[in-house]
K.L.:
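Sending over a structure as structure tokens; questions will come in a sec.
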Amino acid sequence: MLKQGSALDRYFKISERGSNVSREIRGGFATFFAMSYIVVLNPLILSGPDSTGATLGFPAVAATTAFVAGILTILMGAWARHPFALATGLGVNAFVAVTVATNPGLTWPDMMGLVVLSGVTMLILVLTGFRTAVFKAVPEGLKTAIVVGIGLFIALIGLVNAGFVRRIPDIAGTTVPVGLGFDGKLVGWPTLVFVLGLILTIALVVRNVKGAILIGIVASTILSVILEFTLNIGPSFDGTTYNPQGWSLVAPAFSEWAAPDLSLIGQANPFGAFEHLGFVAASLLAFVILLSIFFDAMGTMVGLATEAGSIDKEGNIPNVDRVLQIDALGAIVGGGASVSSNQIFVESGAGIGEGARTGLASIVTGLLFLVAMFFTPLINLVPFEAVAPALVVVGFMMVSQVGKIDWQDLGIAIPAFLTFTLMPFTYSIANGLGVGFITFVLIRTFQGRAREVHPLMWAVAAAFLLFFAIGPIEAALGMH
């Protein structure tokens, strides 16, 4: 039992933030289980060959993904002392994979080098105070919209990962992009696992049971393992055929011990893309990466800190500079290790929903990622469907902030609405932020209140205009 006022308690401010060691440990486990899928998913996304035919290799990407996530998350907990976990960002890694696949002459080291340069640029912006200044320049109403948007986004991630909501093929006659289950019906044992897990988690939450979210994850995982080992359900996609009644990514399974392959560390070539693509084209790619990681992290940080109750009355986050420094380091280290930019994960909300309030939870999560390098059964046994209920419940908790938005002030209300709507609809935090910032500046101008807009908001809005115009600019330059 940790004594209030002990060195550990004082350093992490555990009692001050209304938490205790058991909550922090439970929160650390909940966050790990909620985001451990990245160790399997990231190698799948980064599995393609580059222009030379070289691949990064599944085992190496998996091990390095876990290693980098573990180290950075421990740093976040020990240095910034927030319950924020880091791992390879899904938006950036997909962009990296597509760019490598569609640009002849570009190699994996070249592309990862651009990620490193984006991270270095980000770190400079943090150290000069620019990034913190941008955070403080954002109106409170938009900060609240960011929280709501991330809540909707994380809930959608849970629903889609569980197969409860699915994409509908883009064919003639299709009128909606997503629908209920498969062909309008809920099918398969995995979907039942999600439904039962959601019901259990909600019941535990409304009854104020300690460890509700973690209990829901563990119970759903146990049910998943029993079903898989008795019915042999299998994954939804095995590389050749699609099984709508299978597990969404991988079927629960035990894996043998394997020594981690960390050979990808140090393979990035920071200036290779400039040699193969030219200065302008390479710079545009680096700009897209920079803007994405710049605002994805800011939005996620605001949402999670608000949910954790660590934002003060002035809207400031304690140790915000340290949080942003480690986030920038995530791009540098992630690119340098060839696993793409690492950033704060919205799934950290699972731990916060479990009661985590300090960096001690992040240290627990980080240590679990390091263990996962050696013992993948912990990861492979937990399917998406077992974690998804936690994400939906956490999404509800975050969306409940919507009442704090001033709906009578259209200069805030409309940008806020667009912000939290476009985050889930475009599957991107940065896209929602960009549209919200641009419309805020425009509406304040239409209202004759342009002088009330902080100069940095004008600069950010202009940067986002350039971000959204990247497609036409690339077309004009003859880029793919």
Side-chain angles (χ1 to χ4, degrees), residues 1-2 6-9 11-39 65-88 154 201 204-205 209-221 300-301 303-305 307-310 318-319 322-323 326-327 330 342-379 381-382 386-387 389-391 393-394 397:
M1 184 74 178
L2 180 70
S6 67
L8 185 67
D9 183 64
Y11 183 78
F12 287 108
K13 299 182 179 180
I14 297 173
S15 299
E16 181 181 324
R17 294 186 180 179
S19 184
N20 56 54
V21 173
S22 62
R23 283 186 186 177
E24 298 301 309
I25 293 174
R26 289 200 308 268
F29 270 85
T31 294
F32 170 74
F33 285 129
M35 59 188 289
S36 60
Y37 68 86
I38 192 63
V39 179
T65 296
F67 175 73
V68 173
I71 296 299
L72 290 171
T73 300
I74 290 172
L75 281 176
M76 178 66 77
W79 176 242
R81 288 176 271 183
H82 281 282
F84 306 156
L86 291 86
T88 300
I154 198 172
T201 304
L204 294 173
V205 168
V209 175
K210 290 183 178 180
I213 291 176
L214 185 57
I215 291 172
I217 293 174
V218 173
S220 298
T221 299
T300 306
M301 176 183 69
L304 295 175
E307 185 62 26
S310 55
N319 295 330
R322 295 186 179 188
V323 174
I326 295 170
D327 182 69
N342 275 235
Q343 58 197 60
I344 301 171
F345 253 54
V346 293
E347 284 85 349
S348 301
I352 292 172
E354 190 56 64
R357 295 293 181 268
T358 77
L360 182 59
S362 291
I363 291 177
V364 172
T365 302
L367 289 173
L368 288 171
F369 267 115
L370 294 183
V371 171
M373 285 195 305
F374 299 92
F375 301 101
T376 54
L378 260 181
I379 295 173
L381 279 176
V382 185
V387 174
L391 301 185
V393 171
V394 170
M397 294 175 179

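Position 1 is the first residue of the sequence; numbering continues from there.
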K.L.:
Might you point out which heavy atoms bring S348 and L304 nearest each other, and give the distance in Å?
P.N.:
CB-CD1, 3.7 Å
K.L.:
Can you list every pair that meets salt bridge (charged side-chain N to carboxylate O under 4.0 Å, His left out) and has a residue in residues 11-20, with sequence neighbours left out?
P.N.:
none
K.L.:
Minimum heavy-atom separation for P318 to S310, with atom names?
P.N.:
CD-O, 2.8 Å
K.L.:
How close do I217 and A30 get, counting heavy atoms only, and between which atoms?
P.N.:
CD1-O, 4.1 Å
K.L.:
Do you know which two heavy atoms are closest between L391 and A34, and how far apart they sit?
P.N.:
CD2-CB, 4.4 Å
K.L.:
Donor-acceptor pairs under 3.5 angstrom involving side-chain atoms of residues 362-373: please list them, not counting sequence neighbours.
P.N.:
unit_1	atom_1	unit_2	atom_2	d
S362	OG	H82	O	2.8
S362	OG	F84	N	3.0
S362	OG	F84	O	3.1
T365	OG1	G28	O	2.8
T365	OG1	A361	O	3.1

K.L.:
Can you name the closest pair of heavy atoms from A350 and T31 and give their distance?
P.N.:
C-OG1, 4.3 Å
K.L.:
With a 4.5 Å cut-off on side-chain heavy atoms, are L86 and M76 touching?
P.N.:
yes
K.L.:
If I take atom OG1 from residue T73 and atom CZ from residue F32, how far apart are they, to the nearest 0.5 angstrom?
P.N.:
10.5 Å
K.L.:
How far apart are the closest heavy atoms of V346 and I154, and which atoms are they?
P.N.:
O-CD1, 3.2 Å
K.L.:
If you count heavy atoms of other groups shown closer than 6.0 angstrom to CZ of F12, is the number above 12?
P.N.:
yes
K.L.:
To the nearest 0.5 angstrom, please state how far the CG atom of L360 sits from the CG atom of L8.
P.N.:
6.0 Å
K.L.:
Apply side-chain contact (heavy atoms from CB on, under 4.5 Å) to the pair F345 and I38, showing each step before the final yes or no.
P.N.:
CA-CA 10 Å; F345 253 54; I38 192 63; 4.0 Å; yes
K.L.:
With rounding to the nearest 0.5 Å, note down the distance linking CD1 in I326 to CD1 in I71.
P.N.:
12.0 Å
K.L.:
Taking the side chain from Y11 and the backbone from A78, do they hold a donor-acceptor pair closer than 3.5 Å?
P.N.:
yes
K.L.:
State, yes or no, whether a side-chain contact exists between T358 and R81 at a heavy-atom distance under 4.5 Å.
P.N.:
no
K.L.:
What's the separation between atom CD1 in I352 and atom CZ in R357, rounded to the nearest 0.5 Å?
P.N.:
7.0 Å
K.L.:
Rounded to the nearest 0.5 Å, what separates atom CD1 in I14 from atom OG in S6?
P.N.:
7.0 Å
K.L.:
Is there any salt bridge (charged side-chain N to carboxylate O under 4.0 Å, His left out) pair reaching into residues 343-356, and which pairs are they, with sequence neighbours excluded?
P.N.:
R26-E354
K.L.:
How many angstroms lie between CH2 in W79 and CG in L72, if you round to the nearest 0.5 Å?
P.N.:
15.0 Å
